[in-house]
Amino acid sequence: MAARKPGLIALFDVDGTLTAPRKEVTPKMLEFMKNLRKEITVGVVGGSDLVKISEQLGKSVINDYDYVFSENGLVAHKDGKLIGTQSLKSFLGDEKLKEFINFTLHYIADLDIPIKRGTFIEFRSGMLNVSPIGRNCSQEERDEFEKYDKVHNVRPKMVSVLREKFSHLNLTFSIGGQISFDVFPQGWDKTYCLRYLDDFQEIHFFGDKTYKGGNDHEIYESERTVGHTVTSPDDTAEQCTALFLAKQD
């Protein structure tokens, strides 16, 4: 779909920006994004893999947006077609990955938190997703861990230990969502997707975790973007209306 405003694109985080954390997008928000796309080029950039993004934004997500960047853009789609991939395994190698994974699993094993479930490390194409509670927890358990983490700083403390232990690997640790954090080589944060957007002179980014250490921080702070902090999908729609749609009235 050709943009009506050439040179302008709006990029959106998923959790907390287009949807409630790990929830499906509402019909109201879907309709809003459809109408926004009539006016400007629209893209999505999330830390999750394409399967999880599709669970939240719909199975046709790669066709519903002009650009879909999963895993921070390490897997990139444009107009429904795959245009680029990057592999963590090929970058780090099995020995370094094994060293990191072994230490992380030992750390989690010794971690004293109220409950643990399963899938503590999820291996994605371009990153590792680490969850102290385990990704197999229920939504109610997710919510409870998020509250617990805000008080006890389980994830920030764990990231601090891993960052010091593996400083030689030049990894970035990015806390996002309710229960986990992403691990990837430096430079493989959400700014990675910007390499596909050289044709755009004005790039707006909308995200909820734009603070330092949040997984939206680097792209929010990038000199190539105009960053916007949002608090909910409704706030996203309100800000976009003021920026891109109100002038059409």
Side-chain angles (χ1 to χ4, degrees), residues 11 13-15 44-54 67-78 82-111 116-136 149 153-198 207 209 211-222 224:
L11 288 176
D13 168 52
V14 181
D15 275 6
V44 173
V45 53
S48 297
D49 59 30
L50 185 60
V51 172
K52 290 183 175 63
I53 291 176
S54 299
Y67 291 86
V68 175
F69 301 114
S70 51
E71 302 187 42
N72 292 349
L74 300 174
V75 179
H77 287 82
K78 177 185 178 182
L82 181 67
I83 58 173
T85 62
Q86 180 60 275
S87 168
L88 180 64
K89 179 180 176 182
S90 63
F91 185 86
L92 287 180
D94 279 326
E95 284 303 312
K96 291 178 180 178
L97 278 173
K98 184 174 68 173
E99 178 189 3
F100 180 88
I101 291 171
N102 285 347
F103 182 89
T104 302
L105 289 175
H106 277 293
Y107 183 98
I108 293 174
D110 294 333
L111 192 60
K116 294 179 183 177
R117 293 300 180 248
T119 310
F120 299 102
I121 299 179
E122 184 175 80
F123 193 95
R124 298 174 180 171
S125 175
M127 66 177 67
L128 297 176
N129 180 264
V130 180
S131 175
I133 184 177
R135 298 196 62 87
N136 292 350
D149 190 38
N153 295 310
V154 177
R155 288 183 292 174
K157 290 178 181 177
M158 186 174 181
V159 163
S160 179
V161 171
L162 293 174
R163 183 178 286 120
E164 181 177 356
K165 172 69 176 178
F166 295 99
S167 59
H168 60 291
L169 296 184
N170 296 318
L171 297 172
T172 294
F173 299 83
S174 185
I175 296 174
Q178 295 178 286
I179 62 168
S180 64
F181 57 89
D182 295 326
V183 184
F184 44 84
Q186 289 181 10
W188 288 19
D189 52 64
K190 287 182 178 176
T191 61
Y192 192 93
C193 75
L194 298 178
R195 66 189 59 202
Y196 296 105
L197 303 177
D198 288 340
K209 290 183 170 57
Y211 51 82
K212 189 173 183 179
N215 63 358
D216 297 324
H217 178 72
E218 291 83 3
I219 191 170
Y220 171 82
E221 289 286 331
S222 172
R224 289 194 59 197

What is the minimum heavy-atom distance between [X] and [Y], and which atoms define it?
X	Y	value
V44	V14	CG1-CG2, 3.5 Å
K190	N215	CD-O, 3.3 Å
A76	L82	O-CD1, 3.3 Å

For a 4.5 angstrom cut-off between non-hydrogen side-chain atoms, does [X] reach [Y]?
X	Y	answer
M158	T104	yes
I175	P156	yes
S131	E122	no

Donor-acceptor pair, distance only, cut-off 3.5 Å: does the side chain of [X] make one with the backbone of [Y]?
X	Y	result
E71	G126	yes
K116	I108	yes
D149	R155	yes
R124	G47	yes

**OP:** Evaluate the criterion ring pair (Phe, Tyr, Trp, His ring centres under 6.0 Å) for residue pair F166 and F103; output intermediate values, then yes/no.
**Re:** CA-CA 10 Å; F166 295 99; F103 182 89; 5.6 Å; yes

Original post:
Given C193, which of L11, V75, V68, N72 fulfils the side-chain contact (heavy atoms from CB on, under 4.5 Å) condition?
Top reply: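 Filter result, single survivor: L11.
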
Original post:
Measuring from L88:CG to L74:CG, what's the distance to the nearest 0.5 Å?
Top reply: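 CG of L74 is found 8.5 Å from CG of L88.
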
Subject >> Distance, nearest 0.5 Å, that separates CE of M127 from CD of Q86 >> reply: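 Here the rounded value is 11.5 Å.
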
**OP:** Using a strict cut-off of less than 4.0 Å between a Lys/Arg side-chain nitrogen and an Asp/Glu carboxylate oxygen, indicate whether E95 and K98 qualify as a salt bridge.
**Re:**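 So E95 pairs with K98 through a salt bridge.
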
Original post:
Relative to each other, are the rings of Y67 and F69 parallel, tilted or perpendicular (30° and 60° limits)?
Top reply: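 Aromatic pair Y67/F69 classed parallel.
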
Original post:
Do other residues, nucleotides or ligands put more than 12 heavy atoms under 6.0 Å from H168 NE2?
Top reply: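 Correct, the count exceeds 12.
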
